[in-house]
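Count residues from 1 along the sequence. Each ligand, and each atom within it, is numbered from 1 in the order the structure gives. Predicted model only: the values in this text are computed from it and were never measured.
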Amino acid sequence: MLQSVLLVGASVAFALVYLAFNFPRWRQEWKLYAHRSQLPPGPKTIKTGIKKPWLWFEQLNKEYGDVVYLQLGPTPTIILGSAQAAWDLLEKRGSIYSSRPRFIMGGELLSNGLRGLMAPYSPFWRRWRKLLHSGFMQRQSETYRPIQSLESKVLMHDLLEDPTSFRRHIERYAASVIVTVAYGRRVEDVRTDEVVRENAKSMERLTQSNIPGKFAVERYPILKYVPSIFAPWKAEVLKQRQADIKLYTGLLNQVRDEVRRGTAPESFAKHVIQEQESIGMTDLEAAYAVGSPFGAGVETSAGSIASFIMACVKFGPQFIPRAQEELDRVVGDRLPTFDDIPKLDYVRAIASETLRWRPIAVLGGTPHASTADDVYRGMFIPKGSTIIAPLWSIHLNESDFPDPHNFKPERFLGERQYPGTFGHSAFGWGRRVCPGMHLGSASVLINIARILWAYDVKPAVDEKGKNIDVDIFAYSDGFNSSPLPFPCSITPRSARHAEVVEREYRDAMAELQPYSDAARRAT
Ligand code: HEM
């Protein structure tokens, strides 16, 4: 008798747990079924595990229009393929389109909810975002310009000394700006710098954890609670979490020590230490927040400058002469500075075209998620949808940018209908718009201006003296997409230009000394 009661009790308990777990999914499925005729159009078959998914999204946007519906596993997914649709939803209706989908492996297990970039719209995200905003808003970003200018002078010198390794020099520039701005210590060599190496390891693990479809726990969240001893995939990310905590707190604590000793140069870390209490952040939250510019700002800045070099190799004769004429006329025989940028209309147009032509954040950054049911142009977008706005579809769209794979800075000179103020969408939208956009675009601008002022950038030549063509579609797969290695020729425009680069470099190295010393003290 007792046994039967226990059995019935256990069965009822099991049924209740089963219902509780499945109810939200059934409710969602019922809602989708009830609105099936109102969902945006989309394909019946879903491709999974594909390389460069933005190419598939582009096909879908061409076939079904600029709002496409995909049922990816249990999650409704919307692909926005035009600047207008992305603007209408992510910007204008930002109050319900600014969350993030759940990232169980990368966001919850690996990062314990401390990486703001993956955090849902929540009080934690708002605190994190406030800190990032105060550290990188336009006025504050302008205080980092001296660092960008000095590091850019080092880049110009590196291109003179060893032009064939141009890609590594650009990466060093981008990493050094971010690490100096974040922690007040520079990066002299990306191959050996400990902060760069550890951060790169951590980013690699994060990227691996976020590969859609790779881990069953994303489909069955209950697996998150399986003890690590039975789940090697979980043990591994928890181990990396400890390594991340050690890295981020170690770096922030070094700055705390320097602040106490009165030797800390200005940096985002110093700013966070001062603001942390008023914003109500714990030490660990603050340590992760100071680490966030590395993951978001290095590859995007370096990849954009490398894309500009590729555009010079492929399309140089159609825009370089005009840019050099402008630089010679406005700047003359010295290196361009940030003060020249407002007078360099054509150079600014080249920077905008670079960000448009090959958007490094090719999927539009991390996907957004909606937090309420919505209807857009008669189409039903369910609450909890993942929203992807791939910049590949948006920036290489014939109707906004005719002849889209051609590099034409002139697009950005005249008046043009485009939502927003930049004429492109490279920094995203609404409440999630890139907080580092002022820093990132200043890096792109100053280096484009200086490279064009100092150098002739052309195709490399083979042993027969023939130009080596570059493939403008040879870009990496992954969350961001950067140019794969390609050859090119970078030579000074004249001996006088080379002299100026050398002189500016010597002065820059003297000014950068405190940041080099800070890096040495810390290792
Ligand atoms: C040319 C350089 C850069 C490009 C093209 C770029 C592009 C983007 C894009 C497209 C997004 C997604 C926005 C959205 O979800 O709507 C984003 C987000 C973000 N970017 Fe950038 N970015 C650049 C540089 C930087 C830099 C230098 C930093 C350093 C502070 C940075 C920090 C971030 C962060 C933290 C986010 C996530 C914001 C959030 O989730 O609220 N980015 N960026």
Residue that, paired with F166, satisfies ring pair (Phe, Tyr, Trp, His ring centres under 6.0 Å) out of F486, Y173, F308 |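 Single pass found, and it is F486.
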
Considering only heavy atoms of W429, which atoms of ligand 1 have at least one such atom less than 4.0 Å away?
->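 Here the atoms of ligand 1 in question are 16 (O).
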
Hey, which atoms in ligand 1 end up nearer than 4.0 Å to a heavy atom of P293?
-> 29 (C), 30 (C)

Could you tell me whether the side chain of S425 and the main chain of H395 form a donor-acceptor pair under 3.5 Å?
-> no

Check whether any heavy atom of [X] sits under 4.0 Å from an atom of ligand 1.
X	result
L117	yes
H368	yes
F268	no
S292	no

Listed protein N/O/S atoms, distance to atom 21 (Fe) of ligand 1 under 2.8 Å = C434 SG

Which heavy atom of the protein is the closest neighbour of atom 38 (C) of ligand 1, given with residue, atom name and distance?
-> R129 NH1, 3.3 Å

What is the nearest protein non-hydrogen atom to atom 13 (C) of ligand 1, stated with its residue, atom name and distance?
->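 Checking every protein heavy atom, the shortest distance to atom 13 (C) of ligand 1 gives R432 O, 3.2 Å.
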
Give every donor-acceptor pair under 3.5 Å between a side-chain atom in residues 285-292 and any protein atom, sequence neighbours left out.
{"residue": "E285", "atom": "OE1", "partner": "T282", "partner atom": "N", "Å": "3.1"}
{"residue": "E285", "atom": "OE2", "partner": "R127", "partner atom": "NH2", "Å": "3.3"}
{"residue": "S292", "atom": "OG", "partner": "A289", "partner atom": "O", "Å": "2.5"}

Once you round to the nearest 0.5 Å, how far does OG of S152 lie from CD1 of I170?
-> 11.0 Å

